Asker: 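I'd like to ask you about the structure that follows.
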Amino acid sequence: MDLFRAALEQAPGDAFHTPRLGHSPAWHALHIAEWLRLMVLDDRTPNYHHLGWEDNARVQALGTQPAPVTESDPREQILAALEQTGAQVVAWLEQADDSALNGEVFSAATPGGTRPRRLALGMQLRHIGYHRGQLNLLLKSPS
């Protein structure tokens, strides 16, 4: 998470809220925070608006309430939401025993709408790395 946060902090001033190559750094921060909250913490509060997969009915059902933090909110508020979620994820992982790592969590991509929690955790680590790379690319892009 520290490398992801470092990539976010490279966005100067208004560039944090400016979409480039599809999304703004603010969106990427909220996207990762939401996926961590959903896939690791299994929080089913229906206030997700930065998951992607907008054409998926299961994802649409997760966004029936307003988002707690939006892409246009101040940078500090967005980064604080990411930090808070990251801290909750670390705390959960530190106390999780083998039985907590079993079971299923949400998946937009699978036919049944869930995937094994252990597999999802590994995928989420790669997902964070992918978005860190996207941030690095968009911050180098002229527009």
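Small disclaimer: the values here were computed from a predicted structure and weren't measured. We number each residue from 1, following the sequence as shown.
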Asker: Looking only at atom types and distance, does a side-chain atom of E71 sit under 3.5 Å from a main-chain N or O of H17, one as donor and one as acceptor?
Answerer: no
Asker: Between atom CH2 of W27 and atom CD1 of I78, what is the distance when rounded to the nearest 0.5 Å?
Answerer: 12.5 Å
Asker: Working to the nearest 0.5 Å, report the span between CG of L41 and OG1 of T85.
Answerer: 7.0 Å
Asker: By the definition side chain to side chain contact (heavy atoms under 4.5 Å, CB included), identify the one residue from M123, M39, R115 that meets it with S107.
Answerer: R115
Asker: Which heavy atom in G52 sits nearest to a heavy atom in V59, and how many Å separate them?
Answerer: O-CG1, 3.4 Å
Asker: Show your reasoning for whether side-chain contact (heavy atoms from CB on, under 4.5 Å) applies to L121 and V105.
Answerer: CA-CA 10 Å; L121 291 172; V105 294; over 6 Å; no
Asker: Determine the minimum heavy-atom distance between L101 and R117, stating which atoms define it.
Answerer: O-CB, 3.4 Å
Asker: Can you tell me how far CG of L51 sits from CG of N56, rounded to the nearest 0.5 angstrom?
Answerer: 9.5 Å
Asker: If you measure only the distance, is there a donor-acceptor pair under 3.5 Å linking the side chains of D43 and T45?
Answerer: yes
Asker: Under the criterion side-chain contact (heavy atoms from CB on, under 4.5 Å), I'd like the reasoning laid out for F16 against L8: C-alpha separation, chi angles, the key distance, then a yes or no.
Answerer: CA-CA 8 Å; F16 187 77; L8 285 167; 4.1 Å; yes
Asker: Is the terminal nitrogen or CZ of R44 (NZ for Lys, CZ for Arg) located under 6.0 angstrom from the six-membered ring centre of F106 and within 45° of that ring's axis?
Answerer: no
Asker: Can you see which heavy atom on A7 is nearest to which on L139, and at what distance?
Answerer: O-CD1, 3.4 Å
Asker: Side-chain heavy atoms nearer than 4.5 Å, only ILVMFWY residues, links allowed to pass through others: does that put V69 and L36 together?
Answerer: yes
Asker: Mind running side-chain contact (heavy atoms from CB on, under 4.5 Å) on L21 and L137 for me, showing each step along the way?
Answerer: CA-CA 8 Å; L21 301 176; L137 283 175; 4.2 Å; yes
Asker: First locate atom CG of L79, then atom CD of Q77, and finally report the distance between them rounded to the nearest 0.5 Å.
Answerer: 10.5 Å
Asker: Can you tell me how far apart CD (E34) and CG (L62) are? Round to the nearest 0.5 Å.
Answerer: 9.5 Å
Asker: Any carboxylate oxygen within less than 4.0 angstrom of a Lys/Arg side-chain nitrogen, looking at R75 and D14?
Answerer: no
Asker: Provide the full list of side-chain hydrogen bond (donor to acceptor under 3.5 Å, both in side chains) pairs with a residue in residues 125-135, sequence neighbours left out, each pair given once.
Answerer: H28-H131, H31-H127, H31-H131, Q124-H127, H127-H131
Asker: Is there a side-chain contact (heavy atoms from CB on, under 4.5 Å) between I32 and F4? Walk through the geometry before answering.
Answerer: CA-CA 9 Å; I32 291 301; F4 182 72; 3.4 Å; yes
Asker: Side-chain heavy atoms nearer than 4.5 Å, only ILVMFWY residues, links allowed to pass through others: does that put W35 and L125 together?
Answerer: no
Asker: For the residue pair P25 and A11, what are the closest heavy atoms and their distance?
Answerer: CG-CB, 3.9 Å
Asker: Write out all pairs satisfying side-chain hydrogen bond (donor to acceptor under 3.5 Å, both in side chains) with one or both partners inside residues 57-70, taking only residues at least two apart or from two chains.
Answerer: T70-S72, T70-D73
Asker: If you round to the nearest 0.5 Å, how far is CG of L135 from NZ of K140?
Answerer: 11.5 Å
